[in-house]
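These notes are about the structure you will find just below.
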Amino acid sequence: MPARILSGTEIGQQIQAELRQEIETLKQAGVTPGLAAVLVGDNPASHIYVRNKIRACEALGLYSERLTPPASITTGELIAEIEALNRRPEIDAILVQLPLPKQVDAQRVLLAVDPAKDVDGFHPINVGALVANRPALRPCTPAGVMELLRRSGIPLEGQRAVIIGRSDIVGKPLALLLMHAHATVTVCHSRTRDLPGVARTADILVAAMGRAAFVTPEFVRPGATVIDVGINRLEDPAAAERLFARHPERLEEFRRKGSALVGDVHPDVADVAGALTPAPGGVGPLTIAMLMANTVQAARARRGQAVAARARVEAVR
Ligand code: GUN
């Protein structure tokens, strides 16, 4: 039986519809949450990601602005720009799109973001709060994966979760979130011995290592839930012929466009998995939805008391 498809597009839309209402209420209380996205240089993928984030803000009625310093910026200059955003009261949320150019010290830059405005959850203060399971801003992609699992009714307690990929952005924080949800978590990486064997122990298998179609059916226990965090552009026709041999509609699309987006999970995994996120259309839309949710959360937390009081006054009127 083919896998149940867990549509991130649909769940992302649900979350955005809920947020739209919340934002409306905040606006009635005089607060428009504001996001500043800092996009350094001209990495094409980063441009697309930031464009999608700004569009999502606009669609929900959030204030947003995009800063585009040149690729030649120094660490000191970038930190100065971030400190200026930290001081602006109407900016609730700051994200610095990664990767940064080589000459920039990304760790120092992320450390400069006010933790209360750190909607990516990358500041060590927020990382520490995550480790300690205390309320704070959580990284968007792992938070999105958790929301997708929760809203799809996939049980976590006592389940074996295996994550392939140990990045600071996805693998590590997701391991902590799954652990806090009482899953038994294993984190694998490029040096893991018998990776397919370890992966096959998973009830929930997360592919987050950034290698196109790396997770083949031999990695997947029949019936397991497979979450594909990867998004890779495929341009080699021979590779596309191999990958999409049993997926004629995707091969056709590749031939038409000359390229295709594929996840870290091989398309044939759909025959083995019990449930599977598509890529694209799986985790990506959840990342955006959680960024919006984090922006609202930051606005509430920063101005929460005043907003709550104003909203109560409005309600009484
Ligand atoms: N680059 C890849 N993923 C992310 C993300 O979640 N946030 C930021 N800021 N940059 C990224």
Side-chain angles (χ1 to χ4, degrees), residues 8 12 15 35-57 64-69 71 73 75 78-79 81-82 85-86 91-102 104-115 117-127 130 136-148 163 165-177 206-212 227-233 261 263-264 277 279-280 282-295 297-298:
I15 296 170
L35 169 78
V38 182
L39 171 58
V40 182
D42 37 37
N43 179 317
S46 292
H47 272 261
I48 293 171
Y49 291 141
V50 169
R51 184 193 66 195
N52 291 341
K53 292 170 183 179
I54 298 282
R55 281 188 184 163
C57 286
S64 63
E65 61 185 68
R66 197 184 71 145
L67 284 77
T68 54
I73 197 165
T75 303
L78 187 52
I79 288 175
E81 294 221 18
I82 288 163
L85 292 171
N86 287 344
I91 297 296
D92 296 291
I94 301 170
L95 83 83
V96 182
Q97 187 65 29
L98 301 177
L100 290 169
K102 281 195 303 291
V104 175
D105 183 338
Q107 292 209 352
R108 276 184 61 207
V109 169
L110 296 179
L111 204 55
V113 177
D114 178 349
K117 298 188 178 190
D118 170 36
V119 271
D120 267 325
F122 293 166
H123 191 288
I125 290 270
N126 288 323
V127 176
L130 168 58
L137 292 160
R138 301 287 192 237
C140 303
T141 300
V145 170
M146 296 303 288
E147 203 54 31
L148 186 131
I163 302 170
R166 54 176 158 180
S167 70
D168 292 341
I169 295 181
V170 182
K172 279 187 220 169
L174 182 57
L176 289 158
L177 290 170
V206 182
M209 73 302 242
R211 292 182 60 181
I227 305 292
D228 189 354
V229 180
I231 201 84
N232 313 281
R233 184 167 295 280
L261 293 175
D264 289 354
T277 61
V283 173
L286 269 296
T287 296
I288 301 258
M290 298 319 287
L291 176 66
M292 302 296 105
N294 278 358
T295 301
Q297 184 186 323

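Order of listing sets the numbers, starting from 1, for every ligand and every atom in it.
Nearest protein neighbour of atom 11 (C) of ligand 1, counting heavy atoms only, is Q97 NE2, 3.3 Å. For atom 8 (C) of ligand 1, the closest non-hydrogen atom of the protein is D120 OD2, 3.4 Å. The single protein non-hydrogen atom nearest to atom 1 (N) of ligand 1 is L98 O, 3.1 Å, given as residue, atom name and distance.
Between L130 and P139 the shortest heavy-atom distance is CD2-CD, 4.4 Å.
Side-chain contact between I15 and M290: present, with at least one pair of heavy atoms (C-beta onward) separated by less than 4.5 Å. Looking at heavy atoms from C-beta onward, D168 lies out of side-chain contact with P173 at the 4.5 angstrom threshold.
The atoms of ligand 1 that sit less than 4.0 Å from any heavy atom of L95 are 9 (N). Set against the non-hydrogen atoms of V96, the atoms of ligand 1 under 4.0 Å away are 8 (C), 9 (N).
In this structure, D118 contributes its side chain and H123 its backbone to a donor-acceptor pair below 3.5 Å. Side chain of T75 to backbone of D105: a donor-acceptor contact under 3.5 angstrom is found.
Backbone and side-chain nitrogen or oxygen atoms of F122 are examined, and none is located within less than 3.5 angstrom of a nitrogen or oxygen of ligand 1.
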Check the pair R66 / H47 against side-chain contact (heavy atoms from CB on, under 4.5 Å), numbers first and verdict last. CA-CA 10 Å; R66 197 184 71 145; H47 272 261; 3.9 Å; yes

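Residue-level proximity to ligand 1 for T287 is absent, since no heavy atom of it falls below 4.0 angstrom.
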